[in-house]
Amino acid sequence: MNSLVGLKRFLGLQVDASATGAGVDKLLLGIHALMLLLFVGWLGYFLFVLFRFNRRAHPAADYAGVRNHASTYLEGMVALIEAALLIGLAIPLWAHAVEQFPKGSKPGDVTTIKVIAAQFNWHGWYPGANGVFAKQDMKYVSADNPYGLDKTDPNYKSNFIVASELVVPVHKPVVVYITSMDVIHCFSIKPMRVTQDAIPGMSIPAWFTPERVGTYQINCAQLCGVSHYGMRGTLKVVSQEDYDKWVAKNSSAGAGAGSGYE
Ligand SMILES: [Cu+2]
């Protein structure tokens with residue numbers, strides 16, 4: 001186990017703080033192992049050919065070429081390993097960690113946040129205490145209501161929007177609906193092993209389950225303008241108790257506590 005941690009560090013992988021991270025890391029390590037094998041194999045073969053078939057040993061070219069099937073077997077073996085990685089690791093991982101969204105049996109089993117990217121910051125729209133998002137429409141958009149929330153919606157009062165720092169409870173799936181106000185951004189939290197583009201006009205869901213309390217960095221993984229490098233946010237993973245307090249505080253602050261741009 002420790003050698004695995006050392007290997008992950010050697011490969012530059014960030015700490016894994018999510019429930020599906022182990023599967024992602026296993027796939028990454030498997031691919032790296034195959035690439036290392038191919039690199040060593042090809043390099044060895046290249047050096048062998050340089051020495052074995054140099055001009056002094058073979059002054060005349062041989063037009064018949066290779067007569068055995070070693071290369072065919074080797075290629076078959078590489079294809080088999082690739083198929084094992086794809087069918088054994090990649091497809092099941094994708095089916096589970098990307099496609100299979102957590103439903104939860106009752107409200108509150110899943111933390112739902114609408115993530116809004118804008119040059120050059122992240123905003124998180126929370127449904128708050130009521131657990132329901134207010135309606136949203138283009139016609140409500142104004143300078144003090146950039147996301148067009150329906151202020152007459154009864155759920156509006158419990159909703160709130162935060163900038164830069166998202167807070168989530170530990171050991172509970174988080175579903176984020178990601179969109180963008182301007183250009184294409186990419187919501188990426190490496191320790192959660194989650195990365196999803198933010199595209200204007202689309203609401204794209206992604207999910208992860210944080211398993212470790214702590215503070216992690218949210219990155220923008222698409223070159224999105226001059227200050228792209230500074231487009232980072234914070235993901236704070238806290239206990240359920242602390243999360244409930246945080247939600248209660250923000251919900252009671254009244255709708256759109258921070259209605260967006262800050
Ligand atoms: Cu960006």
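Just so you know, ligand 1 is whichever comes first in the structure, and atom 1 is the first atom listed for that ligand. Every value quoted in this text rests on a predicted model; they were computed, and no experiment measured them.
Here His228 does not reach the Cu ion (ligand 1): none of its N/O/S atoms is less than 2.8 Å from the metal. Within the coordination shell of the Cu ion (ligand 1), defined by N, O or S atoms under 2.8 Å, Met231 is present.
The atom of His185 nearest to the Cu ion (ligand 1) is ND1, with the search restricted to N, O or S atoms.
To the nearest 0.5 Å, atoms CG (Leu149) and CG (Asn159) are separated by 6.0 Å.
For the side-chain hydrogen bond (donor to acceptor under 3.5 Å, both in side chains) with His171, the lone residue among Arg212, Gln240, Glu211 that qualifies is Glu211.
Computed with the Cu ion (ligand 1) at the centre, the Cys220 SG to Cys224 SG angle is 120°, stated to 10 degrees.
Between the side chains of Asn219 and Ser188, no donor-acceptor pair of N or O atoms lies under 3.5 Å.
Between Val78 and Leu38 the shortest side-chain heavy-atom distance falls below 4.5 Å.
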